[in-house]
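Proteins get letters first, then strands, A, B, ... in listed order; numbering begins at 1 in each. The figures that follow rest on heavy atoms only: side chains count, while hydrogens, waters and symmetry mates do not.
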Number of protein chains: 2
Amino acid sequence: MGQPSQAREKLLNTAIELMSARSYADVGVQELCEHAAVKKGSFYHFFPSKRDLALAALDRQWEVVQREVLERAFDEQVPPLKRLERCFELFYDHHCGVKAQTGRVLGCPFGNLAGELSTQDEGIRLRVVRIFNGLASYIERALRDAVKAGEVPEMDTSTAAQAVVAYLEGIMLLAKATNEPGLIKQLGQSSIRGLVAGMAAPRTPPERKRRAVGE
Amino acid sequence: MGQPSQAREKLLNTAIELMSARSYADVGVQELCEHAAVKKGSFYHFFPSKRDLALAALDRQWEVVQREVLERAFDEQVPPLKRLERCFELFYDHHCGVKAQTGRVLGCPFGNLAGELSTQDEGIRLRVVRIFNGLASYIERALRDAVKAGEVPEMDTSTAAQAVVAYLEGIMLLAKATNEPGLIKQLGQSSIRGLVAGMAAPRTPPERKRRAVGE
DNA sequence: CCTCTAGTTGACCAGTTGGTCAAGTATATA
DNA sequence: TATATACTTGACCAACTGGTCAACTAGAGG
């Protein structure tokens with residue numbers, strides 16, 4: 001069987017397309033199947049449930065983001081802080097393209113799914129956390145290089161990387177809410193250097209108050 | 001009629017409780033009614049649709065956040081930058097309490113709804129944008145005061161305020177995804193000063209490239 | 001040729017979705 | 001006492017939800 005069925009692939013792509021544009025809950029199995037031109041029975045031959053399709057779509061999207069955005073932006077040839085700027089720039093470009101086609105800023109698919117499902121599906125939540133960690137590790141590498149190169153003061157690069165991820169996700173959310181891709185450029189470029197510069201190690205302020213309630 | 005029916009109020013509170021804990025789509029009208037002990041017919045006497053309930057719940061939650069968090073945090077007596085720190089601290093405290101009760105970090109209800117529905121419901125999207133703008137204006141006032149007090153260099157306070165809102169929302173999303181309220185404290189306190197310090201006015205870098213695709 | 005496996009098909013399921021409606025019950029006012 | 005208003009009630013709706021299943025088809029290997 002030269003092409004071991006395109007159904008799985010079509011479902012994956014359809015899920016990415018529809019769920020990114022709307023939401024997990026709003027896209028039903030039926031619509032997924034119609035759009036992918038796959039019968040429902042086949043759906044459940046390839047995926048045990050809708051949620052498993054979403055999980056697979058998450059993995060696929062992460063692969064794409066790594067290949068299309070992160071590997072390009074975080075090229076080790078580029079000066080460390082410049083890498084962060086390029087990352088924002090590539091996301092900006094991408095969102096401009098999507099808006100030109102669909103009229104909408106769709107935000108970050110990982111952040112969207114995390115916001116919708118983190119409290120309801122532990123598997124999805126953990127997958128998104130792993131993706132966020134993956135993103136953070138690209139950023140942290142750049143930050144470590146920036147420290148080494150003296151572009152930036154000594155700091156807790158791990159926490160700083162998380163801060164940048166948070167900032168990125170927040171920008172994507174605001175861009176989605178305002179339907180304005182320009183926010184990604186505006187907020188990304190104007191303050192990302194400040195954010196990391198301001199992370200200069202205060203030696204992790206020695207744990208003053210209450211402790212988090214524990215996992 | 002001393003109490004002009006508690007049904008509306010009960011529905012509002014139930015919507016806030018259930019939708020904050022899960023999502024808009026996952027909470028049905030039926031469940032809303034059962035939980036509020038209100039019959040479906042009454043639901044539609046008070047709200048023309050589920051979406052209108054969500055809109056009303058959004059307004060109510062914004063009132064509460066203003067009263068319980070923002071008015072306290074952004075007290076003009078407090079030194080400007082300290083206000084931002086207090087804001088993060090209050091959100092941290094709140095999320096610790098919620099996690100202690102429910103076992104979950106629920107994130108920001110406005111951000112959650114924006115992520116889920118911005119592309120699907122223009123009314124909800126615009127309401128959330130107005131709320132984000134409201135939040136930004138508290139922050140911007142603090143930033144202007146901070147500039148005046150010399151706590152911080154001259155800057156575009158409007159853009160900087162948006163950056164802080166983005167950062168806040170991103171932190172809430174990460175805290176939700178990791179189910180770890182500690183992130184709010186850790187990321188909030190360690191880098192918020194850096195973020196705003198780094199916004200020092202580069203005179204709005206004179207519009208180098210493409211223009212956003214337009215509303 | 002037979003069989004095994006991968007994939008396909010469409011009928012089927014119980015439960016739920018958001019929403020409607022006509023009839024009823026209070027209560028306040030005139 | 002009559003009437004208007006505010007609210008309640010439960011039956012009802014078509015469409016859809018995620019998911020199941022047994023029968024079927026097609027190609028590859030023995």
Side-chain angles (χ1 to χ4, degrees), chain A residues 1-58 113 116-125 127, chain B residues 1-58 113 116-125 127:
Chain A
M1 214 176 287
Q3 340 98 279
S5 172
Q6 299 172 159
R8 196 192 137 91
E9 204 60 21
K10 284 194 286 185
L11 284 169
L12 219 35
N13 292 333
T14 302
I16 290 173
E17 185 185 337
L18 300 186
M19 288 180 183
S20 295
R22 311 228 292 281
S23 71
Y24 173 84
D26 196 55
V27 178
V29 175
Q30 186 172 298
E31 186 182 0
L32 247 2
C33 289
E34 280 164 14
H35 193 284
V38 162
K39 297 285 149 33
K40 210 190 237 187
S42 287
F43 181 111
Y44 286 97
H45 175 73
F46 290 103
F47 301 98
S49 71
K50 178 186 167 188
R51 158 209 132 105
D52 289 273
L53 207 215
L55 240 18
L58 223 34
L113 221 59
E116 186 182 353
L117 299 178
S118 281
T119 56
Q120 293 177 69
D121 187 312
E122 200 66 0
I124 299 246
R125 180 178 83 74
R127 201 77 125 236
Chain B
M1 212 176 291
Q3 330 104 278
S5 173
Q6 300 173 159
R8 197 192 138 91
E9 203 61 20
K10 284 193 288 185
L11 284 168
L12 219 35
N13 292 333
T14 302
I16 290 172
E17 184 187 337
L18 299 186
M19 288 180 182
S20 295
R22 313 229 289 283
S23 70
Y24 173 83
D26 196 54
V27 178
V29 175
Q30 185 171 302
E31 185 182 2
L32 246 3
C33 289
E34 280 163 14
H35 193 284
V38 163
K39 296 285 150 30
K40 211 189 235 190
S42 287
F43 181 111
Y44 287 97
H45 175 73
F46 291 103
F47 302 98
S49 72
K50 178 186 167 188
R51 160 214 132 105
D52 289 274
L53 207 214
L55 239 18
L58 222 35
L113 221 59
E116 186 181 355
L117 299 179
S118 281
T119 55
Q120 294 176 69
D121 188 312
E122 200 65 0
I124 299 242
R125 180 178 83 76
R127 200 79 125 234

note: A/His45, atom NE2; C/dT8, atom P; distance rounded to Å ~ 7 Å
Not counting sequence neighbours, list each pair that qualifies as a salt bridge (Lys or Arg N to Asp or Glu O under 4.0 Å) and has a residue in residues 6-22 of chain B.
B/Glu9-B/Arg60, B/Arg22-B/Asp26, B/Arg22-B/Glu31
If you define the side chain from C-beta out and look only at heavy atoms, does anything of A/Tyr24 sit under 4.5 Å from B/Glu116?
no
Quick one, A/Leu113 and A/Arg127 - any side-chain contact, counting heavy atoms below 4.5 Å?
no
side-chain hydrogen bond (donor to acceptor under 3.5 Å, both in side chains) involving A/Ser20 - partner list, sequence neighbours excluded:
A/Gln61
A/Thr119 meets the side chain to side chain contact (heavy atoms under 4.5 Å, CB included) criterion, sequence neighbours left out, with B/Arg104, B/Leu106, B/Lys176
A correct 5'-to-3' footprint of nucleotides 16-21 of chain D, with B, S and - meaning base, sugar-phosphate only and no protein heavy atom under 4.0 Å, is -BBBBB
D/dG10 phosphate, OP1 or OP2: any side-chain N/O from B/Lys39 under 4.0 angstrom?
yes
Can you list, pair by pair, the side-chain donor-acceptor contacts under 3.5 Å of residues 34-49 of chain A, counting residues two or more places apart and other chains?
residue, atom, partner, partner atom, Å
A/Ser49, OG, A/Arg51, N, 3.4
A/Ser49, OG, A/Asp52, N, 3.3
A/Ser49, OG, A/Asp52, OD2, 2.5

How many whole angstroms separate atom CG of B/Asp52 from atom C1' of C/dG19?
13 Å
Calculate the interatomic distance between B/Leu32 atom CG and C/dT16 atom P; express it in whole Å.
15 Å
Could you check how far CZ of B/Arg8 sits from C1' of D/dT8, rounded to whole Å?
17 Å
